[in-house]
2 protein chains.
Amino acid sequence: MAEEEVAENKQVILKHYVSGFPKESDMEIRTTKTQLKLPEGCSGAILVKNLYLSCDPYMRNRMRKMEGSYIESFTPGSPIGGYGVAEVLDSTHSNFNKGDLVWGRTTWEDHSIITSTESLAKIQHTDVPLSYYTGILAASGAVGQLVGQFAKLFGCYVVGSAGSKEKVDLLKNKFGFDKAFNYKEEADLNAALKRYFPDGIDIYFDNVGGKMLDAVLLHMTLHSRIAACGMISQYNLEQPEGVRNLMCLITKQIRMEGFLVFDYYHLYPKFLEMIIPQIKEGKITYVEDIAEGLENAPRALMGLFSGRNIGKQVVAVTRG
Amino acid sequence: MAEEEVAENKQVILKHYVSGFPKESDMEIRTTKTQLKLPEGCSGAILVKNLYLSCDPYMRNRMRKMEGSYIESFTPGSPIGGYGVAEVLDSTHSNFNKGDLVWGRTTWEDHSIITSTESLAKIQHTDVPLSYYTGILAASGAVGQLVGQFAKLFGCYVVGSAGSKEKVDLLKNKFGFDKAFNYKEEADLNAALKRYFPDGIDIYFDNVGGKMLDAVLLHMTLHSRIAACGMISQYNLEQPEGVRNLMCLITKQIRMEGFLVFDYYHLYPKFLEMIIPQIKEGKITYVEDIAEGLENAPRALMGLFSGRNIGKQVVAVTRG
């Protein structure tokens, strides 16, 4: 085996299960060596060079020990994983060839051998930024900025809630939300919701949970709907907060339904068909916050929970 | 006006708004006089003799001051109201004649003048007990006993939760539930649910809310459904309990939907068509707990919250 086939492989390792608010120091960077060819006998697999990694709030849950969940926990001492964009360097799988660009589940390291290729899709449209396949083109976020814009396309009155003045400005001025407010500056969420939704809320897209959900329930209209997508306010708590206003579900005949992306993969081609022209024509605005290099990856991931990122948080593993 | 047209009219009065656990003494019996004919000029109305009154948990909420709710608060100093069965004594409304039997919204007293007749329906089937039109034939309960039996008719595995050994026996032996347990004897609801639902819960019909709902969420299966009908465990609390496990809605893609009977009145004829034969053939068992006389009505209503009643709680105003 030739010398040049071995390369450095930087990995982002979870040191231990995390309780409470996660810290950069719960992860560490480890550098190993990796061969740039699949080992002999490794059939139906691909070796990839990772290009972009997606930072997503749900990953927090994988940092704790879970049983019977919809996703597995990360393994302490091993590299964490998630969605990403990668280039195929070697393949023993008939669907993939060297040079293919793919998106799907990969590992937080420079090079990965992927044996479970079911989650991978080949990237067909390369005339949009490749990093978009960690977010808008992977239907995985940053969700809020897109939901609001989609709602505007459907003619809704859209109000966003964010955690800084900069983000509020972005929602209003760049994403075209009708209104936006900084929930950190609203001592009384109830009063804020009353102000922004004098006629009540017909659709609440919930990525937050907890106190916001509890306040929103009071302002939902009859037969309104709550799409439960995430509860980021709860992920770092030892015990989730209690939501007290669920009686509103009955008195206002509200439907609240949780969903995961897995159920909707069959709609992905249709989604691409819709979204690619929207992006090219500038009708959908998409903002990314790109951290450079795996060594900055832990900080980027942790930033989600303090709200440091502006737009979709991505890690660019390599620009080469 | 002839002497015999004036009769005693016993009324159940709400003395004041109630907070916390309601007591019999929050109500009082007042005896007034009433004419047994509609006053002149009172058009589009009916005068009824009340026969049966329905005791329902939602009535607790009407004992507090509410604004913008789906039902109005009762008025302190005035008789309370609810659903009941009555006989028409006099009518200036073209749809109703003297002697008609009706069910719908009435007042807790011997005789009532009803000017809002929209909620009233004439009783066509009189070959079943008239009191059934406060419950099973008014699609208003006691809900649990019926939901379980309907679920059995649809082939479900049905487990009921009740608050006494007597009720648990009733669920299993009389209503044909597969299993039933006494939640008051289960120190660990989680363990109880694990025992009764080793494969998880596909459908939860929730009349309880609070701790039971929180525990149930952990045992729901993927894509399962929660019909939110009532939250009786919460009605007497100053502040509702917090439900912590809502994240399950997302991870298990659960639909939770609240409903009120008003949305489904159009299905009532179809329901009657289905249920009347079921009752006559003994395929549906219906248990009532009938209190005699308006003077026992406050105690009967309060009994709902301590679980004193066995089956649908009804007040028989008169047997005459």
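Every value quoted in this text rests on a predicted model; they were computed, and no experiment measured them. Convention: sequence-line order gives letters A, B, ...; per-chain numbering from 1.
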Please round to the nearest 0.5 Å and tell me the distance separating atom [atom1] of [X] and atom [atom2] of [Y].
X: A:R244; Y: B:Q239; atom1: CZ; atom2: CD; answer: 4.0 Å
X: A:R255; Y: B:F259; atom1: CZ; atom2: CZ; answer: 13.0 Å
X: A:M256; Y: B:M256; atom1: CE; atom2: CE; answer: 8.0 Å

Relative to chain B, which segment of [X] carries a heavy atom at a distance below 4.5 Å: side chain, backbone, both, or neither?
X: A:Y235; answer: side chain
X: A:Q234; answer: neither
X: A:N61; answer: side chain
X: A:I71; answer: neither
X: A:I254; answer: backbone

When you look at [atom1] of [X], are more than 12 heavy atoms from neighbouring residues, nucleotides or ligands closer to it than 6.0 Å?
X: A:K152; atom1: NZ; result: yes
X: A:R225; atom1: CZ; result: no
X: B:F154; atom1: CZ; result: no

Checklist line | Contact class of B:I226 relative to chain A, heavy atoms under 4.5 angstrom | finding: neither
Next item on the list: Below 4.5 Å from any heavy atom of chain A, which atoms of B:C248 appear? Answer side chain, backbone, both or neither.
Entry: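 Neither the backbone nor the side chain of B:C248 comes within 4.5 Å of chain A.
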Notebook entry, point to check: Between A:L260 and B:I250, which heavy-atom pair has the shortest distance, and what is it?
Noted result: CG-O, 3.5 Å
Margin query: Could you go through A:E257 and B:L249, starting from their C-alpha distance and side-chain angles, then the distance that decides it, and tell me whether this counts as side-chain contact (heavy atoms from CB on, under 4.5 Å)?
Written below: CA-CA 7 Å; A:E257 188 164 349; B:L249 294 182; over 6 Å; no
